[in-house]
There are 2 protein chains.
Amino acid sequence: MELNTQRKRTSKRRRDILDASLRCFMKHGIEAATIEQIREASGASSGSIYHHFGSKQAIAVALYLDGMEELAIVLRNAMQEQDDLRQGIRNVIAAYLLWVSENRDWALYLLRVATADLSRDEASTIDEINRRSREDLARWLRPFVDRGEIEQLPDELYASLIYGAATHFARHWLVGRLTLDVDFVVETLAHAVWCSISKPAPPDRSATNKSRNGKSKGLKSAANPLRSGKGASK
Amino acid sequence: MELNTQRKRTSKRRRDILDASLRCFMKHGIEAATIEQIREASGASSGSIYHHFGSKQAIAVALYLDGMEELAIVLRNAMQEQDDLRQGIRNVIAAYLLWVSENRDWALYLLRVATADLSRDEASTIDEINRRSREDLARWLRPFVDRGEIEQLPDELYASLIYGAATHFARHWLVGRLTLDVDFVVETLAHAVWCSISKPAPPDRSATNKSRNGKSKGLKSAANPLRSGKGASK
DNA sequence: CATGTTCTAGAATATTATTCTAGTCAAGCC
DNA sequence: GGCTTGACTAGAATAATATTCTAGAACATG
């Protein structure tokens with residue numbers, strides 16, 4: 001674990017370049033930011049920058065991986081609650097939105113790059129991160145599924161159901177289109193998410209009628225709704 | 001409405017450039033695609049391209065606006081259902097995912113540019129579109145809110161609750177990370193969304209106990225969850 | 001201290017967005 | 001028909017900027 005001065009210097013330079021890059025990317029736009037700007041902001045020479053990263057795109061990817069890693073840790077920590085899942089889900093959503101609100105630049109950057117076009121290599125690294133994150137979630141939820149507290153669904157969908165609304169909100173909020181109180185949003189989204197994945201009641205026959213018994217019907221009836229939806233023109 | 005040959009030629013050229021640009025953007029990446037490639041793919045000269053659009057960025061924005069406009073129409077059409085909101089919401093989600101699956105390139109492009117960094121002007125045009133889209137939704141939902149069928153919420157949140165999960169799913173699906181059957185996803189998401197915004201039962205006291213009565217409690221209790229959430233470290 | 005490796009600076013190069021110049025073409029007017 | 005005007009186009013010229021190259025400094029190690 002001994003870091004000699006070489007390595008210390010190196011990793012500091014790397015970090016300086018990354019930090020400067022994030023600032024430049026957010027200030028001028030990822031595409032518009034120039035190596036010259038990053039060079040100036042970081043104090044490194046262009047040669048040094050290229051030595052460490054190889055291309056501007058590679059800097060962007062490294063930055064993305066850094067951020068995703070950090071966010072994944074935040075979320076993983078929020079998944080500790082083992083008793084009350086409802087509370088746990090609220091914690092996760094709260095943690096996410098809190099992180100977003102405290103790291104606006106960083107969060108916005110992640111949302112921007114998330115769908116950017118990347119090389120095979122880069123994409124597969126990112127896939128890996130996403131896969132792990134999905135697994136974190138699935139592992140956490142499994143006991144609750146087994147106990148019948150929440151619906152059994154493909155792992156892929158849990159992420160969409162749990163993070164979808166929060167992400168959507170964050171995206172618009174960060175761009176300044178929305179102005180709601182974050183605390184309120186947390187509670188509202190947490191409540192909504194909980195309703196959307198929790199199972200009706202225990203083995204209590206005679207469940208409520210209107211809003212909760214539709215599961216199997218909803219899932220099977222109206223065959224091929226994709227073809228019959230009204231807006232399906234084109 | 002008479003189009004002289006001049007205008008016909010002009011608008012065809014414009015469209016050719018836009019179409020070619022979308023192809024190039026998706027093939028090489030928005031950033032990586034060059035004017036030269038667009039020139040070749042569209043058959044227009046670089047001079048012509050700049051005459052019509054002024055910059056590569058401007059092409060990207062025009063393309064985005066085009067796509068958003070089309071998608072907005074698809075969604076608006078799906079919001080016709082006036083009787084059964086549950087069905088209506090399913091239609092909307094189905095229409096969205098159907099459109100996405102039938103216009104993958106286009107859909108992916110919209111997701112990519114949605115958060116891209118833009119100039120003041122461009123951003124405000126896009127804000128406008130988003131605002132209108134939010135209004136479409138709010139207007140459609142209002143009667144149902146009045147009748148007490150769904151929760152009363154700030155307009156801003158309806159979009160996140162209704163589109164959030166579908167968008168999240170689409171994002172990952174389009175990048176090829178997920179492989180679920182779209183029909184199944186539509187039903188699942190529609191069901192989840194419905195549960196998350198529909199109101200318990202009518203004025204029927206003695207509602208189910210566990211999963212539906214927590215609204216007010218969920219919203220008020222556990223003050224300031226943002227500060228107390230476990231994952232809130234850093 | 002000799003030697004190889006990693007890192008850095010800054011100039012040289014290559015790529016690409018953008019601008020400029022000189023036209024072409026259609027449409028209206030005499 | 002000729003003439004004029006304005007929109008459009010082609011392709012060369014320019015400028016901005018990513019990337020590569022070369023020489024050397026800083027450091028670790030034997």
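Just so it is clear: chains get the letters A, B, ... in the order the sequence lines come, proteins before strands, and each one is counted from 1.
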Practice task
Name all pairs fulfilling the side-chain hydrogen bond (donor to acceptor under 3.5 Å, both in side chains) condition that reach into residues 15-26 of chain A, sequence neighbours left out, sorted by first residue then second.
Solution key: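 Every pair satisfying side-chain hydrogen bond (donor to acceptor under 3.5 Å, both in side chains) with a residue in residues 15-26 of chain A: A:K12-A:D16, A:R15-A:D19, A:R15-A:D66.
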Can you find a heavy atom in the side chain of [X] that is under 4.5 Å from one in the side chain of [Y]?
X: B:R90; Y: B:H191; result: no
X: B:V61; Y: B:T125; result: no
X: B:V92; Y: B:L75; result: yes

Problem - Interface with DNA chain D, restricted to residues 46-56 of chain B and to heavy atoms under 4.0 Å - result: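 Correct list: B:S46, B:G47, B:S48, B:H51, B:H52.
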Atom-to-atom span, [atom1] of [X] to [atom2] of [N] - whole angstrom:
X: A:E36; N: C:dA9; atom1: CD; atom2: C1'; value: 13 Å
X: A:I35; N: C:dG10; atom1: CD1; atom2: P; value: 16 Å
X: A:Q57; N: C:dT15; atom1: CD; atom2: C1'; value: 16 Å
X: B:H28; N: C:dT16; atom1: NE2; atom2: P; value: 11 Å
X: B:K12; N: D:dC8; atom1: NZ; atom2: C1'; value: 15 Å
X: A:I17; N: C:dC7; atom1: CD1; atom2: P; value: 11 Å

Exercise for the section: Would you mind checking if A:E135 and A:R132 are paired as a salt bridge, meaning a charged N to carboxylate O distance below 4.0 Å? Expected result: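 Looking at A:R132 and A:E135, the cut-off is not met.
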Problem - Ionic contact status for B:D136 with B:R76, cut-off 4.0 Å - result: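 B:D136 and B:R76: salt-bridged.
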Exercise for the section: Could you tell me the separation between the CD1 atom of B:I197 and the CD1 atom of B:I150, rounded to the nearest 0.5 Å? Expected result: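 Between atom CD1 of B:I197 and atom CD1 of B:I150 there are 4.5 Å.
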Problem - Touch class at under 4.0 angstrom, heavy-atom based, for B:A33 against every strand present - result: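 Sugar-phosphate only.
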Practice task
Strictly below 4.0 Å, heavy-atom distances to any atom of DNA chain C: list the hits from residues 38-45 of chain A, or just say none.
Solution key: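 The answer is A:A44, A:S45.
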Problem - B:K56 side chain to B:E31 backbone, donor-acceptor under 3.5 Å - result: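 Answer holds: yes.
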Handout entry: Donor-acceptor pair between A:E156 and B:W173 side chains, under 3.5 angstrom
Key =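 Absent: no donor and acceptor within the cut-off.
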Practice task
For C:dT8, take OP1 and OP2 only and decide whether either is under 4.0 Å from a side-chain N or O of A:R14.
Solution key: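 It does not, given that no N or O in the side chain of A:R14 lies less than 4.0 Å from OP1 or OP2 of C:dT8.
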